[in-house]
Amino acid sequence: MKLERLKVKGAKLTDTAGNTVQLRGISTLGLRYPGFINEGAFKTFRDEWGADTIRLALYTDEPGGYCTDGDKEELKRILLDGVRIATELSMYVIVDWHILYDKSPMVYKDEAIRFFDEMAKRLADHTNVIYEICNEPQESPFGTVIRPYAEEIIPVIRKYSPDSLIIVGTDNWSQDVDDVIGQRIDDDNVMYALHFYAATHKDKLRRKAIKALEAGIPIFISECNICDASGDGIVDTESGREWFDLADDHDLSYMIWNLSNKDESSSILKPHVTKPSGWSVEDYTESALWIKNRMAGSRKK
Ligand code: IDC
């Protein structure tokens, strides 16, 4: 089944009939760890977790990163394979240009232009592909860095894909969604990223989210977990519950960090688990079990 393109309407994401849509999904770890990018895994998330989306995280700047010393062709092959699998399973899929240590999206802007030009061209007929153009900018004010960057990248995508949904990161590790107020990008189908890690981020960040929502800013939670912002540490289910309530109350889409068996609390699988799919309760970490339960249980439709 070919999925319909989603459309931003006010602060909400909607289908072509105008019904509100809340996507829920799973983010991979960096694509240089492709171990769990396979049909069985994505199907488990779709059928057992209630997920409808997969986010593919292509790190730009880390050892093995796309813009540093990574094997570009291999990383693109893994990415396109992930897109193919998600498409076959009728899931949405986010192509995530995962800036992090590079802080400013401007550092690898020329690479980003080449990358999105190639991807948008190749994936032009994919109605299920969503582009996320800068994961987590830092020290990059929205008006003077992020928006000018987005204004260069978005037309590159729009050339081939005039209607795709595009997610733009916000400053301070995609927390400063309120920065966008009064200076939105002039494009109908853009949402702004908010990331939370519930053990670190609490009322202060939730208030920022509310402030932006009240100002009509369309927010997309393209990364979150209930552990701390390092991706590790304790799991805070109390703050987690407040975050997921907020997301559900406002129909905010959310993607869970991360699909791996790395030894840290944000991983979905425990470190010893190497099975590529077909996991059972004892294979999941504490955060994964809590989130799975929450995700599968709270789907409205
Ligand atoms: C973390 C991974 C960790 C990895 C680190 C650096 O969980 O295994 O060592 O990146 O490569 C983010 C980032 C995301 C982070 C995650 C947890 O978008 O890349 O992943 N996090 O720290 N923002 C807030 C938290």
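Both counts, for ligands and for their atoms, begin at 1 and track the order of listing.
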If we ignore angles and hydrogens, is there a donor and acceptor under 3.5 Å between the side chains of Asp236 and Tyr197?
no
protein heavy-atom neighbour closest to atom 20 (O) of ligand 1 works out as Trp257 CZ2, 3.1 Å
Starting from atom 5 (C) of ligand 1, what is the nearest protein heavy atom, named by residue and atom, and what distance separates them?
Tyr101 OH, 4.1 Å
Between Phe196 and ligand 1, find which residue part has any heavy-atom pair under 4.0 Å and reply side chain, backbone, both or neither.
neither
Give the numbers and elements of all ligand 1 atoms closer than 4.0 Å to a heavy atom of Ser230.
17 (C), 22 (O)
Numbered atoms of ligand 1 (with element) below 4.0 Å of Gly231, judged on heavy atoms:
17 (C), 22 (O)
Counting neighbours of CG on Asp263 that are heavy atoms of other residues, nucleotides or ligands and sit closer than 6.0 Å, is the number greater than 12?
no
Worked verdict on Asn189 versus Arg158 for side-chain hydrogen bond (donor to acceptor under 3.5 Å, both in side chains):
CA-CA 10 Å; Asn189 229 17; Arg158 291 282 177 251; 5.9 Å; no
Could you list the atoms of ligand 1 found under 4.0 angstrom from a heavy atom of Asn135?
18 (O)
Option whose closest heavy atom lies nearest to atom 4 (C) of ligand 1, chosen from Lys262, His195, Gln138
Lys262
If hydrophobic clusters are built from ILVMFWY residues whose side chains come within less than 4.5 Å, do Tyr33 and Val95 share one?
no
Are there more than 12 heavy atoms of other residues, nucleotides or ligands under 6.0 Å from atom NZ of Lys202?
yes
Consider every N or O of Ala229 and every N or O of ligand 1, then say whether any pair is closer than 3.5 Å.
yes
What atoms in ligand 1 come closer than 4.0 Å to a heavy atom of Glu264?
2 (C), 3 (C), 7 (O), 8 (O)
Check: Leu3 main-chain N/O paired with Thr127 side-chain donor or acceptor under 3.5 Å
yes
Whether the Arg206 and Ser239 side chains hold a donor-acceptor pair (N or O, under 3.5 Å, no angle test) is what I'd like checked.
yes
Shortest protein heavy-atom distance from atom 12 (C) of ligand 1, along with the residue and atom involved:
Glu223 OE1, 3.0 Å
Ligand 1 atoms in contact with Tyr59 (distance to a heavy atom under 4.0 Å):
1 (C), 10 (O), 11 (O), 14 (C), 19 (O), 20 (O)
Under 4.0 Å from any heavy atom of His98, which atoms of ligand 1 are there?
13 (C), 14 (C), 18 (O), 19 (O)
Which atom of Tyr131 lies closest to which atom of Met119, heavy atoms considered
OH-O, 3.8 Å
Establish whether Ile219 and Ile256 are linked, either directly or via other cluster members, by ILVMFWY side-chain heavy-atom contacts under 4.5 Å.
yes
For ligand 1, indicate whether the residue Glu62 contacts it via side chain, backbone, both or neither (heavy-atom separation under 4.0 Å).
side chain
Is it true that the side chains of Asn258 and Ser266 contain a donor and an acceptor less than 3.5 Å apart?
yes
Leu100 contact mode with ligand 1 (heavy-atom cut-off under 4.0 Å)
side chain
Among all protein heavy atoms, pick the one closest to atom 24 (C) of ligand 1 and tell me residue, atom and distance.
Tyr197 CE1, 3.2 Å
Under 3.5 Å: N/O of Trp173 near N/O of ligand 1:
no
